Structure formats: structure tokens, C-alpha cells
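Working notes, beginning with the structure itself.
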Amino acid sequence: MLSEPRSGRLAAWGNALLAGLVSPDDAVLAIVGEDAVHRVEGLPGESGPVGLTLALGRLRALGVKGLRVALPAPGHPLGLSGPPDFNARALEAEEAVVCHGAALGLVPEVYEAGPEGDVHVEVVWHCLAVREAPPADVPSLGEAERELAEALRDATEVLSRLDVAGSGPVAEAAVDAYRARAERGRGVLAPGYPPRAVRVLELAQRVGLLISVAYENGHGGAVSASEISARALALRPVERTARRAQVAAYNAFVEERERGVR
């Protein structure tokens, strides 16, 4: 939950490019981030993998007007609309991008190469057919913000009760990393996104921080099997809420265009 999904970067900066708010070079630079290179494979009209600049231009020519994010998990096809082939690939990757305006979707496959200490990451986005239907279980920004406020309160209460929320070097390192990333990532959502989407995404990441601390900081005070199980049961719906909110934030650009706000 703390790491920004690649599908989020592709959708956010792809939307800004499609709207004419950023240049192709700036969009590709932001999408690739710290990876070495991104390519797109399976685009209609292309016989092999192509670079992001060409791919985004091709998608525009195919009628794509916007990009949505899906962050599915087992039993929760969040943001997906089918068919089963695409859903299965997206579930395996735990993320995908779904095009608005053309029945296409993109699923990332990540490759690592190079010696230890000098590993570089390459990403291939597989372009596949999707079903044109409303995405599954994506809330509005308003709903996501309300649900997140409740989830943050619930997560804090559960973690405090089970003594796993605020102590130890792992927890402190996680908090420091989050704060540093928050300062660097003020522009994570590309130009054109509403301020509320930025707020919702930041709050979702904060909730994700608490969940990560809980799972990565040992068992804390939850030493019995029943307490560990209670913590897991309590945190599962919180994590689900945070993922739904992330998707709502990334998809806000397209939702506003559909409502005629833009």
C-alpha cells in the first residue's frame, strides 16, 4: 500500500497527456519513474513491443479518451469489468489499467536484470481486450473520503489495542519513509486532477502505512493465536477500503470528464 502502483502512474500521467496538459516526454518520464524502461506489447496495429510514447499516441488514435486503474485482490475484482482472461492477468499482477473510449486494457509484467547492487527493472505492458462495462466496486471520491476517515479511526484503534501501532524501529522507519515520500510525492497525481483526489490518495496511503506497520512489525502485543487472528480480521476491511480509495483517486480524472465537469 505504501508503494505507488505502476498502473497509477500510467493512468495519471496518461490522462494528463491525453488531455494535452503535459508533453509526451514529461509523461513518459513520470510513468517510468525509477524503472529502466517500459514497453507495450499487443497494441492493435503494432507487430511487436513499442515504447510508451508511441503506445500512448496509438491509444489516442484508437479512440482512448482516458485511463482508469484497477487494483484487484483475491475475491475482490476492484476496478475490473472482464472478460475472465483479462481479470486473471490483472489479478496475478495485482493491478491493471483499463482504457475509457476503447475496449482495451493494460497489465504490467515486471522483469529484473543485472548483478546484485545494480539491478534494473523493465516493464512490459500487455495490451488485451476488455469488456466495456462499469468497473467493479469503485466508490465516488466523496464516498472514498468518508470511508477512509472511518477506516483510519478503526485501524488506529485496533493497532493500539493490540500494541502494534507505534513502537519499535521497524514502525519508526516506516513512518520516516512515508513522511519522506509524502514530501517528494506532492505531484504524484498529474496536472488536471481535482484537489479532492489528491487528498483521498494521501489519506489512502496513510491508512496503508498503518496496515504495513501492523503486518511488518512482528506480532506486537498480539501474542496469542486468537489475538493475531482478530488483528488480521480487523485490518482486512481497512486494507480493502484503502485500495478502493486509491482507485477512486486515480480514476477521478475520467469520472469528471464523463460527468462533463471538464
Side-chain angles (χ1 to χ4, degrees), residues 3-40 43-46 50-71 79 81 95-108 123 125 127 130 132 134-135 138-145 181-205 243-262:
S3 60
E4 181 188 9
R6 290 181 173 88
S7 56
R9 293 203 306 266
L10 177 56
W13 289 91
N15 282 331
L17 176 62
L18 291 170
L21 299 174
V22 297
S23 70
D25 287 346
D26 287 344
V28 169
L29 187 65
I31 293 166
V32 172
E34 297 180 359
D35 298 333
V37 65
H38 285 214
R39 297 184 180 89
V40 181
L43 268 174
E46 299 294 340
V50 300
L52 273 179
T53 303
L54 177 57
L56 289 167
R58 173 70 69 184
L59 289 173
R60 187 203 299 271
L62 290 168
V64 173
K65 299 178 176 63
L67 302 170
R68 289 187 172 104
V69 169
L71 296 178
S81 57
E95 61 177 313
V97 170
V98 179
C99 299
H100 171 59
L104 297 170
L106 302 161
V107 179
V123 179
W125 293 89
C127 186
V130 299
E132 292 187 283
V138 179
S140 69
L141 273 178
E143 290 169 335
E145 196 166 30
R181 186 188 180 285
E183 288 304 314
R184 293 196 308 271
R186 290 298 170 190
V188 162
L189 283 178
Y193 273 83
R196 191 175 204 176
V198 177
R199 279 202 316 273
V200 168
L201 184 58
E202 288 178 342
L203 187 54
Q205 290 171 339
R243 280 192 301 109
R244 292 179 76 234
Q246 274 191 305
V247 172
Y250 285 120
N251 293 3
F253 195 100
V254 173
E255 305 309 328
E256 285 203 346
R257 298 196 86 178
E258 280 194 311
R259 295 199 310 269
V261 176
R262 299 181 182 283

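For this chain, numbers begin at 1 and follow the sequence in order. Everything numeric here is computed off the predicted structure, so don't read it as measured data.
Taken from CG in L104 to CD in E132, the straight-line distance is 9.0 Å, to the nearest 0.5 Å. Atom CD of E4 and atom CD of Q205 lie 7.5 Å apart (nearest 0.5 Å). Here CD of E202 is found 12.0 Å from CD of Q246. Values are rounded to the nearest 0.5 Å. Annotation: the span from R39 atom CZ to L54 atom CG amounts to 12.5 Å, rounded to 0.5 Å.
The shortest non-hydrogen separation linking G8 to V69 is CA-CG2, 3.9 Å. Shortest non-hydrogen contact noted between A144 and P139 is CB-CG, 4.0 Å. Nearest approach of A190 to W13, heavy atoms of both residues: CB-CD2, 3.5 Å. Nearest heavy-atom pair, G79 versus P135, reported as atom, atom and distance to 0.1 Å: O-CB, 3.5 Å. Between S140 and A248 the shortest heavy-atom distance is O-CB, 4.3 Å. Between P191 and V22, the closest heavy-atom pair is CG-CG1, 3.8 Å.
Looking only at side-chain heavy atoms (C-beta outward), R58 and V50 stay at 4.5 Å or farther from each other. Between L141 and P194, the closest side-chain pair of non-hydrogen atoms falls below 4.5 Å. Side chains of L201 and Y193 form no contact here, defined as non-hydrogen atoms less than 4.5 Å apart. Looking at heavy atoms from C-beta onward, L52 lies in side-chain contact with V40 at the 4.5 angstrom threshold.
E95 places a side-chain N or O within donor-acceptor distance of the main-chain N or O of S7, the cut-off being under 3.5 Å. Side-chain atoms of R243 come within 3.5 Å of backbone N or O of L71 as a donor-acceptor pair.
Remark: R244 pairs with D137, E147 by the salt bridge (Lys or Arg N to Asp or Glu O under 4.0 Å) rule, at least two apart or across chains.
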- request: Would you please test V138 and E255 for side-chain contact (heavy atoms from CB on, under 4.5 Å) and show each step?
  value: CA-CA 11 Å; V138 179; E255 305 309 328; 5.6 Å; no
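Of the candidates L10, V130, V98, L10 is the only one forming a side-chain contact (heavy atoms from CB on, under 4.5 Å) with L106.
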Please tabulate, for the side chains in residues 59-67, all donor-acceptor contacts under 3.5 angstrom to protein atoms that are two or more places apart in sequence or on a different chain.
| residue | atom | partner | partner atom | Å |
| --- | --- | --- | --- | --- |
| R60 | NH1 | L18 | O | 3.2 |
| R60 | NH2 | L17 | O | 3.3 |

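Using a 3.5 Å distance cut-off with no hydrogens or angles, the side chains of N15 and Y250 do not pair a donor with an acceptor.
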